[in-house]
Amino acid sequence: MNLRDSKISDCSVIQLPKVHNRAGNITAINANLDVPFDINRVYYLYDIPGGESRGGHAHKELYQLLVAASGSFDVLLDDGRTKKRINFNRPYTGLLIVPGIWRELDNFSSGSVCLVLASHKYDESDYIRCYDTFLELKS
Ligand code: T46
């Protein structure tokens, strides 16, 4: 996916498989099957104080799948032209974010956990953290 040309419509809400029995549920996420990339990193956001926001950046090459593993939060997506806010509150629904999309996460419920599967290891040089720079790259 091209950093400059990617659009919000290239991101997608993915319904993940849920295996249910009387003892509860399991959701498994398989690389290149349930998500369209190799999974090279897993991290999670938790203990987020009320009113705080996360994100506020875009990535040059990174693909990510975000899941509300517990609780709920909002994700604001921005491709430089269009913005879209989506609420996530189910551990079997993921948001695929492609490169070149500005994202902000807020409205975290108490005790919420945002699980993230990422296509690459952590690399600060992959981040675009200045919104004006982001808009220039998208124009
Ligand atoms: C994203 C949203 C949803 C690491 O050392 N390794 C890592 O894998 C990550 C993700 C972060 N860090 C360090 C870098 C910073 O010193 O943790 C600190 C906080 O990172 P950041 O300000 O980027 O955290 P968020 O929550 O704003 O953003 C993170 C991801 O960085 C980002 O890719 O999409 O979660």
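Remember, it's 1-based here, ligands and their atoms both numbered in the order they're listed.
The closest protein non-hydrogen atom to atom 27 (O) of ligand 1 is Gly55 N, 2.8 Å. What sits closest to atom 14 (C) of ligand 1 on the protein, heavy atoms only, is Tyr122 OH, 3.3 Å. Closest to atom 10 (C) of ligand 1, if we only count protein heavy atoms, is Arg41 NH1, 3.4 Å.
Put simply, the side chain of Lys83 never gets that close to the backbone of Leu77: no donor and acceptor are under 3.5 Å apart. Distance alone, capped at 3.5 Å, places no donor-acceptor pair between the Lys138 side chain and the Thr133 backbone. Although no hydrogens or angles enter the test, the distance criterion places a donor-acceptor pair under 3.5 Å between the side chain of Ser6 and the main chain of Pro99.
In this structure, CG on Asp78 lies 11.0 Å from CZ on Arg103, to the nearest 0.5 angstrom. Atom CG of Asp34 and atom CG of Leu65 lie 9.0 Å apart (nearest 0.5 Å).
The side chain of Leu45, and not its backbone, has at least one atom closer than 4.0 Å to an atom of ligand 1 (non-hydrogen atoms only; side chain from C-beta on).
Considering only heavy atoms from C-beta on, His57 stays 4.5 Å or farther from Ile128 through its side chain. Counting only heavy atoms from C-beta outward, the side chains of Thr27 and Pro91 never approach each other to under 4.5 Å.
Under the 4.0 angstrom criterion for non-hydrogen atoms, Glu52 is not in contact with ligand 1. Using a non-hydrogen distance threshold of 4.0 Å, His59 registers as a contact of ligand 1.
Not a single protein heavy atom sits closer than 4.0 Å to atom 16 (O) of ligand 1. There is a protein heavy atom closer than 4.0 angstrom to atom 34 (O) of ligand 1.
Comparing heavy-atom distances from atom 28 (O) of ligand 1 across His57, Arg103, Arg54, Glu124 singles out His57 as nearest. If you check each of Tyr127, Tyr43, Phe73 against atom 3 (C) of ligand 1, the one with the closest non-hydrogen atom is Tyr43.
The pair Arg41-Asp123 does not meet the salt-bridge criterion, since no charged nitrogen lies less than 4.0 angstrom from a carboxylate oxygen.
The contact set between ligand 1 and Arg129, taken as ligand atoms under 4.0 Å from a residue heavy atom, comprises 21 (P), 22 (O), 23 (O).
Looking at ligand 1, you won't find any N or O of Leu62 less than 3.5 Å from one of its N or O atoms.
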